[in-house]
Amino acid sequence: MIAALGVTYQIAELRESATHFVEFDIVEPTKRHPSPHIAAVRICVRASAEAGELQLLPWNALEDAVLSLSPIPAVELCVEHRPGTDGAEGIFKWLLDAVPTRSILERMSDRGILDVRFALTDRRTEWRFCEFVTMQEVLMYTQEYARDVSKPKLTAPQVFELMVHWKQGNRQLSFRKLLESL
Amino acid sequence: MYHRLPPEIFDDVITAFTVWPTFNPALGVRMTKREIGQCSLVCRHWARRCRYWLFASVIVHSRADFDSLLRLIDAAVEIDGIPSLVECIQEIEIKHRGAWEVPWFHQILQHLQARDMDIEKENIVLEICDAYVPDSDSDSSSTQPDVKSHYAPRSLSTSLPRTVPRSLFSHEVLRLSDLRFRTVRDLLRLIHDQADLTFIFWKRISFDEGAVIPPPTVRSRRAWAGVETLTISEWSDIAFEMRVMFLLAAEKVKSDKVVSAKAWTAMSEVALALLLPSSRQIVLGMRGEGETFLPMDGHVLTP
């Protein structure tokens, strides 16, 4: 990467009011692409973004714009979770439903250029993102668990919750709690 | 009062009411200069502590204001234990409103340096608000500007000899508001005219020739160095202003980082698609390899 261009969106003129941002990675020319080009588009959404507003974004227009680029860049859609905030999990759960059911970003998914992930902060620093749960991981995870004689099936949001707890170190406790709730 | 209140507690209180609310009004109430001035009358100790905040940031509305400030600095008598004005002044904000007159901004740095004032360029702010260049053909006795020619200046150096180097315009922060330009190119010319700009803000600007985006001109000189940002708010046509932002970026990046015109358009369309109805301010920034981009909110974008 030789440069990155970023756009941050704020709901007020305050420092803490950024709801999301997008960053474009500009890379050096290659043999295949003789001029500088955009290799990746990263969209990061924070918990402060309104889930309802995100759902109404013109996702088709976003896809049109990204797919008009040559070469077509990789797209990362990351939902950031910060300690003491809620809302990020709800946004990611909506994406867990909307992307696989092809309600949004269908063409990007089909091309295999889309990576949707949930970022967790480091417990010690509380600002550095050190753990990620990807949508691919959630959807690939086995969803059937033996519980006595029955085999309850976990939904994608439940698997996601479980993985978040695991990444945070609450492996056994959260799993037992989740199975008990079924 | 001084004997009953430990000095460090007073320092903390005065800091809490002067520094933090500047960056985040949600953190508290900011004292006005008049209120700080009243505090400074309590006793010598309070005066010593208040003086810095009283003069840390100075707003200048005209050349006459700036001359008054210089006279104040020159006339100030040193008092033992009280910081001098030169030590106190950390930021100068020049606010220009109304008719564009004989330019003088290029003399700021020269005057300050002559008084051993070493103000960082990022702490010199130029704000141009509702300014216009009077039509030379209109009646000079008229108090009302000719609305037909009520255009914002296209350059800070209008009326200056061409030999005056741009490097004399020392400010790094430019705030534009309530300005009317004939074309987008006029706005870009005004911005490019100021060599050291790091932070550019604009709000409520309009263009008489409508939403016409000129082709980008690649400039190899005065390219962005790394951490600069462009901030817009209170837009009238966000789709258009977003294109203008990206056009400005296209013209400011170094030539080895210039992507195709189509890519710039696509980036502005992506950025536009991500605008939420609740978005009130947009910050565009650029960083080079290995650098961190620090938008206004302090969130670091990492590679």
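Since the model is a prediction, treat every value here as computed from it, not as a measurement. Within every chain, numbering begins at 1; the chains are lettered A, B, ... in the order of the sequence lines, protein sequences first and strands thereafter.
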Enquirer: Please determine which of Val7(A), Leu57(A), Leu54(A), Thr19(A) meets the side chain to side chain contact (heavy atoms under 4.5 Å, CB included) test together with Leu274(B).
Expert: Leu57(A)
Enquirer: In terms of heavy-atom pairs under 4.5 Å with chain A, which of Thr265(B), Val270(B), Ile282(B), Leu275(B) leads?
Expert: Val270(B)
Enquirer: Mind running salt bridge (charged side-chain N to carboxylate O under 4.0 Å, His left out) on Glu23(A) and Arg42(A) for me, showing each step along the way?
Expert: CA-CA 5 Å; Glu23(A) 200 178 35; Arg42(A) 280 197 298 279; 2.5 Å; yes
Enquirer: Return yes if some donor-acceptor pair links the side-chain N/O of Trp59(A) with the main-chain N/O of Ala273(B) below 3.5 Å, else return no.
Expert: no
Enquirer: Could you pull out all residues at least two apart from Asp97(A) that satisfy side-chain contact (heavy atoms from CB on, under 4.5 Å)?
Expert: Thr101(A)
Enquirer: What part of Tyr9(A) lies closer than 4.5 angstrom to a heavy atom of chain B: side chain, backbone, both or neither?
Expert: both
Enquirer: Which residues pass the side-chain contact (heavy atoms from CB on, under 4.5 Å) test with Lys203(B), sequence neighbours left out?
Expert: Glu13(A), Ser177(B), Ser233(B), Glu234(B)
Enquirer: Could you look at Ile11(A) and say if it's the side chain, the backbone, both or neither that has a heavy atom under 4.5 Å from chain B?
Expert: both
Enquirer: Is a donor from one side chain sitting under 3.5 angstrom from an acceptor on the other, for Ser278(B) and Glu50(A)?
Expert: no
Enquirer: Scan the side chains in residues 238-250 of chain B for donor-acceptor partners under 3.5 Å anywhere in the protein, sequence neighbours excluded, and list what turns up.
Expert:
| residue | atom | partner | partner atom | Å |
| --- | --- | --- | --- | --- |
| Glu241(B) | OE1 | Trp202(B) | NE1 | 3.0 |
| Glu241(B) | OE2 | Ser236(B) | N | 3.2 |

Enquirer: Whether Arg102(A) and Asp110(A) form a salt bridge (side-chain N of Lys/Arg under 4.0 Å from carboxylate O of Asp/Glu) is what I want to check.
Expert: yes
Enquirer: Please look at His20(A) and chain B and tell me whether the side chain, the backbone, both or neither of the residue comes under 4.5 angstrom of a heavy atom of that chain.
Expert: side chain
Enquirer: I need the contact set between residues 63-72 of chain A and chain B: heavy-atom distance under 4.5 Å, sorted by residue number.
Expert: Ala65(A), Val66(A), Ser68(A), Leu69(A)
